[in-house]
Amino acid sequence: MDLRTVKFFLTTTFLVIIAALIMGSFTNNQLLIYIMLGFFVVFALIYLFGWRCPKCKKHLGKLVARRCKHCGHTLDV
């Protein structure tokens, strides 16, 4: 997967987590808690295994630059 797709999935899962958290705070529905936890697991797996430099395959961490901090490869984010 390219980094744009990974970033899209990370953003989408994060928004679903936040929406489930907000909706769960107003209701007493256990299903929303399980949905939130499930999407958190998906978010963590995508972050750990997908958020990597396409050239050197090292984890990017918190990306604030447009270059990989390990190899200097220009990232298309």
Side-chain angles (χ1 to χ4, degrees):
M1 256 191 296
D2 65 338
L3 285 179
R4 286 183 189 229
T5 307
V6 172
K7 188 174 183 179
F8 171 76
F9 283 129
L10 286 173
T11 305
T12 304
T13 55
F14 181 73
L15 291 175
V16 170
I17 291 168
I18 295 300
L21 184 64
I22 291 171
M23 289 174 16
S25 67
F26 291 117
T27 63
N28 195 12
N29 192 350
Q30 294 257 335
L31 180 63
L32 290 174
I33 294 172
Y34 293 128
I35 290 172
M36 183 182 63
L37 289 174
F39 273 99
F40 179 75
V41 169
V42 170
F43 178 86
L45 290 174
I46 292 172
Y47 180 75
L48 290 174
F49 297 112
W51 195 241
R52 297 186 174 274
C53 174
K55 185 175 180 185
C56 69
K57 305 295 186 211
K58 291 187 179 178
H59 195 268
L60 293 172
K62 293 190 298 186
L63 182 69
V64 277
R66 297 277 181 187
R67 295 186 173 272
C68 174
K69 62 183 175 182
H70 303 286
C71 68
H73 178 68
T74 303
L75 302 171
D76 186 27
V77 180

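Residue numbers run from 1 in the order of the sequence given. Just the heavy atoms: all of them, side chains too, but no hydrogens, waters or symmetry mates, feed the values below.
Within the structure, salt bridge (Lys or Arg N to Asp or Glu O under 4.0 Å) contacts touching residues 4-19 (residues at least two apart or in different chains) are R4-D76. Residue pairs meeting the salt bridge (Lys or Arg N to Asp or Glu O under 4.0 Å) criterion with at least one member in residues 47-60, sequence neighbours excluded, do not occur.
Here the CG atom belonging to L10 is positioned 5.0 Å from the CZ atom belonging to F43, to the nearest 0.5 angstrom. Between the OG1 atom of T74 and the CZ atom of R67 there is a distance of 3.5 Å, given to the nearest 0.5 Å. Here the straight-line distance linking atom CG of L32 with atom OG1 of T27 works out to 5.0 Å at 0.5 Å rounding. Note that the CD1 atom of I35 and the CD1 atom of I17 stand 12.0 Å from one another [nearest 0.5 Å]. Here the straight-line distance linking atom NZ of K62 with atom OH of Y47 works out to 8.0 Å at 0.5 Å rounding.
With W51 contributing its side chain and G61 its backbone, the two residues share a donor-acceptor pair below 3.5 Å.
Residues L37 and L45 are members of separate hydrophobic clusters, defined by side-chain heavy-atom contacts under 4.5 angstrom among Ile, Leu, Val, Met, Phe, Trp and Tyr. L15 and I46 end up in different hydrophobic clusters when Ile, Leu, Val, Met, Phe, Trp and Tyr side chains are linked at under 4.5 Å. When the side chains of ILVMFWY residues are joined at heavy-atom separations under 4.5 Å, either directly or via intervening members, I33 and F39 end up in two distinct hydrophobic clusters. Residue F40 is not grouped with residue Y34 when hydrophobic side chains (ILVMFWY) are merged at heavy-atom distances under 4.5 angstrom, including chains of intermediate members.
Counting all heavy atoms, side chain and backbone alike, L60 lies closest to C53 at CG-N, 3.8 Å. Residues V6 and G50 approach most closely at CG2-O, 3.6 Å, considering heavy atoms.
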